[in-house]
Amino acid sequence: MRMSDLVGKRYKERPAEATLESHAFLLRGGYARQMANGIYSLLPPGLRVIRKIEAIVREEMDGICGQEVQMPVVQPRELWDESGRYGAVGAELCRFQDRTGHDMVLAMTHEEGVVHLCRNEITSYTQLPFMVYQIQTKFRDEPRSRGGLIRVREFTMKDGYSFHTSQEELDEYYQHCFKAYERIFARSGMPNVVAVEADSGMMGGAISHEFMMLTEVGEDTIVTSDDGSYIANQEVAAGEVEAFAEEALPLEKVSTPGKKTIEDVASFLGVEIRQTAKAVFYESDTEGKLVLAVVRGDREVNEAKLSKVIQTPPVPATDERIKAAGAIPGYASPIGLDSTKVRVVVDPTVRDSNNLVAGANEVDTHYKNFNLERDGSDAEIADIIMVQDGDRHSGGGALRLSRGIEVGNIFQLGTKYSAAMGMTYDDADGNVQTPIMGCYGIGIGRMMGSIMEARRDKFGPQWPMPVAPWHVQVNALKLTNETVKETAESLYQSLVDAGVEVLYDDRDLRPGVQFAEADLLGIPIRLIVGERNLANGDIEVKRRDTGETSMHSVADVVELVKTWIAESIAEFQPTD
RNA sequence: CGGGGUGUGGCGCAGCCCGGUUAGCGCGCUUCGUUCGGGACGAAGAGGCCGGAGGUUCGAAUCCUCUCACCCCGACCA
């Protein structure tokens, strides 16, 4: 490819909307352009990186017997009614009508699609297990996209779905897939990827793992035990929290005028924040009852955990709703609430501490010495707190928080979709059975953004060889010099003939401009043809990834480059 | 959905508060010349109905109303 032909320009100034470095380079380097919020076009360099990542993903999916298929993005409502998700999923599912008024959706994932595709193809246990996958567009109308390609509304995803005759078989395949994912991230040159226990969220199912690339700019919080025995998404992470048991004292009503927040109440009464009980209300559980979540004052409610307890996404309650149930916002507690109107869920941290300050459900009034067993013993106990730095893993080390970008996830779905959508096969005994499913996702564009975020310097990305848009860049300095021009042209042609992916900067630009743009393109090997070194018959070879520079004769350089490319790709190949 | 912010040539911005002829600056772009190993210099050019719609006014980028888009924080998120 000649740069004089390359579509898309690179620019010097940092676009104002970029917050992440990877986002800034995405735009500055001419990889992608935004069309609307969370919706991007890719220019040639960006698409080439995407294609490289896809190729690795394909190889690894094929390596675990995946079969590539293609399913539609636009799907009829009926399919989503079958699974129940047309009604269950919120506005992130894009719904619209075709010209006849038929309800349609833009698929945000393809469980419905894959069951539809496979349920008539599979009739016998002899056809199981199998896995199909696709690399295809997804649309999720996220309430808020951000960070360049890290979080978008329209994106490319590899999604795979496996079907099994037994849980054991799924367990085994799940492990294969887990390994394949590790290989994909390693081969793509993505550093610091860890697999964490995860919340399966709206996907349903029991076991799931997220693959996180650790980075401070990540949107997810990861909890790690410092002895290495535990790692989980904060959404599901459980820890042992220090308890503060003491002799229970009599309940005592105290006046706390105007003190509504935990901080105000604690300082007004001269107690520590952990000596209070925090009451947080949510609109309703599945039966429509107001939900009161109670955690110790120094803790936050983990809504993902609470969601599992009440079996519905928690929505913060309005003051009107709280008052209607007989509680007073700012002065609420389980004490004296009507259990037919309010469902009280209490975290063990509250049970295991004594003499807490709690609301009195009266304006300007709190109680001292709230003890759950005595004053609210009929409450439901469940772990609903957010783990904090310094909590302990049960019997293990201290828990630490870090941040990560979720680049992949794998789920054991069970029969949620196959059963709901009537997919069956006959087993060896002639009995009708429902296949057990697993599903496996990787965000391709998010991988690109993450690699860019992780591998860069202040001048631009430093693409790992396996995903680099081109392997080699040729820079010709001073093309008006005939020797330079002839050498550069013939070098370019030799590289092309040798099957090397090469980008040739054939524009007669000043060196500084060429180098700056080359840095933005992040191509791992740079060949600099200039009259200074050419006088000695040399070409300067510079590694964008390592910064190393060396001189080589024109005659040797093509072979050298081929060797380096092969070695460099091999470096990322896992050894197992 | 709540809170905050921004919309002015391809990019980054000034002008707006306090309305006044042809709307500026830097980068980029075109042409010519001098340059040429880390974003050169000079000269001459091209390019904008100031996000949109109403309104106020003799006169609106500037004031008012409505609206749209984008960005940030939060809520949300397989």
Side-chain angles (χ1 to χ4, degrees), chain A residues 8-20 23-24 27-28 30 33-39 83 85 88-93 107-112 138 140-148 150-153 155 157 159-161 198-205 208-211 219-220 233 235 282 303-304 307 313-316 318 405-413 416-417 438-443 446 458-460 475-481 484 507-520 526 528-535 538-540 542 549:
Chain A
K9 65 170 146 186
R10 290 145 297 284
Y11 37 79
K12 200 190 304 192
E13 283 169 291
R14 195 177 199 277
E17 75 258 29
T19 48
L20 303 183
H23 188 189
L27 300 170
R28 286 188 56 205
R33 299 288 178 242
Q34 186 172 26
M35 178 182 281
N37 177 302
I39 298 176
S83 70
R85 285 206 290 189
V89 175
E92 60 267 31
L93 177 64
M108 50 200 300
T109 173
H110 279 70
E111 282 73 21
E112 287 81 1
K138 299 279 179 286
R140 293 183 193 175
D141 199 356
E142 297 275 355
R144 189 177 160 214
S145 57
R146 68 197 97 165
I150 302 296
R151 182 175 197 79
V152 289
R153 295 194 296 169
F155 56 101
M157 182 180 202
D159 47 326
Y161 307 88
D199 179 21
S200 53
M202 78 167 181
M203 296 299 304
S208 82
H209 287 87
E210 290 168 341
F211 289 80
E219 297 195 292
D220 289 277
N233 191 311
E235 290 181 346
Y282 295 92
E303 293 182 358
S307 177
V315 178
T318 60
I405 297 171
E406 182 191 342
V407 286
N409 48 29
I410 56 179
F411 297 91
Q412 293 198 2
L413 288 175
K416 176 174 172 178
Y417 295 92
C439 77
Y440 317 94
I442 288 181
R446 187 178 277 188
K458 66 178 181 176
F459 302 109
N475 285 101
L477 307 187
K478 205 171 173 185
L479 273 170
T480 48
N481 178 314
V484 168
R507 305 167 302 170
D508 186 25
L509 297 177
R510 294 174 59 81
V513 178
Q514 286 200 29
F515 293 150
E517 294 204 359
D519 287 341
L520 286 169
R526 188 178 307 169
I528 302 165
V529 182
E531 55 186 348
R532 196 174 74 193
N533 295 313
L534 219 46
D538 282 342
I539 284 174
E540 180 183 331
K542 184 169 184 181
T549 294

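Heavy atoms only: backbone and side chains are in, while hydrogens, waters and symmetry mates are out. Residue numbers begin at 1 in each chain, while the letters A, B, ... track the order of the sequences.
- Proximity note for A:Q34 (side chain, C-beta onward) versus B:C71, B:C13, B:C36: the nearest is B:C71.
- One cannot find a donor-acceptor pair under 3.5 Å joining the base of B:G26 and the side-chain atoms of A:K12.
- A:R28 and A:E517 are not joined by a salt bridge, as no carboxylate oxygen comes within less than 4.0 angstrom of a charged side-chain nitrogen.
- Under the Watson-Crick or G-U wobble criterion, with both distances below 3.5 Å, B:G74 is paired with B:C1.
- Nearest to the side-chain atoms of A:R146 among the listed nucleotides B:A75, B:C36, B:G12 stands B:A75.
- Residue A:D519 has its side chain nearest to B:G38 when only B:A40, B:G38, B:A75 are considered.
- Between A:D538 and A:R532 no salt bridge is recorded (no basic side-chain N to carboxylate O distance below 4.0 Å).
- Of the listed nucleotides (B:G39, B:C70, B:A75), B:A75 has the atom at the smallest distance from the side chain of A:P143.
- Whole-Å rounding puts the A:D220 CG to B:C76 P distance at 13 Å.
- For the OP1/OP2 pair of B:A40 and a distance below 4.0 Å, the side-chain nitrogens and oxygens of A:R510 include at least one atom meeting the criterion.
- For A:Q514 against B:G39, no side-chain N or O and base N or O form a donor-acceptor pair under 3.5 Å.
- Here A:N37 reaches the OP1 or OP2 of B:C71: one of its side-chain N or O atoms lies under 4.0 Å away.
- Across all strands shown, A:N475 has no heavy atoms under 4.0 Å from either base or sugar-phosphate atoms.
- The base of B:G26 sits within donor-acceptor range of the side chain of A:E13, with an N or O pair under 3.5 Å.
- Looking only at distances, no side-chain donor or acceptor of A:R510 sits under 3.5 Å from a matching main-chain atom of A:Q514.
- The side chain of A:E17 lies closest to B:C71, out of B:C71, B:C36, B:A75.
- Remark: C1' of B:U35 and CG of A:L509 are 13 Å apart, rounded to the nearest angstrom.
- Summarising the geometry, the separation between CD on A:E142 and P on B:C71 is reported as 13 Å, rounded to the nearest angstrom.
- Per the geometry, CG belonging to A:L520 stands 17 Å off P belonging to B:C11, to the nearest Å.
- Using modelled atom types, one side-chain atom of A:R33 and one backbone atom of A:L27 make a donor-acceptor pair closer than 3.5 Å.
- Classification of A:E92 and A:R153 as a salt-bridged pair fails, no side-chain N sitting under 4.0 Å from a carboxylate O.
- Computed from coordinates, the A:I150 CD1 to B:C71 P distance equals 15 Å when rounded to whole Å.
- For the pair A:S307 (side chain) and A:P314 (backbone), a donor-acceptor distance under 3.5 Å is absent.
- Candidate nucleotides B:C72, B:A75, B:C11 were compared by shortest atom distance to the side chain of A:Y11, and B:C11 ranks first.
- Of the two residues contacting RNA chain B, namely A:A16 and A:R28, the nearest-nucleotide position lying further toward the 5' end is that of A:A16.
- Between the CG atom of A:D508 and the P atom of B:G33 there is a distance of 13 Å, given to the nearest Å.
- Spacing of P atoms, B:G15 relative to B:G9, comes out at 15 Å, to the nearest Å.
- Distance A:F515 CZ to B:C36 P: 15 Å, rounded to the nearest Å.
- At whole-Å resolution of the value, NZ in A:K9 and C1' in B:G28 are 5 Å apart.
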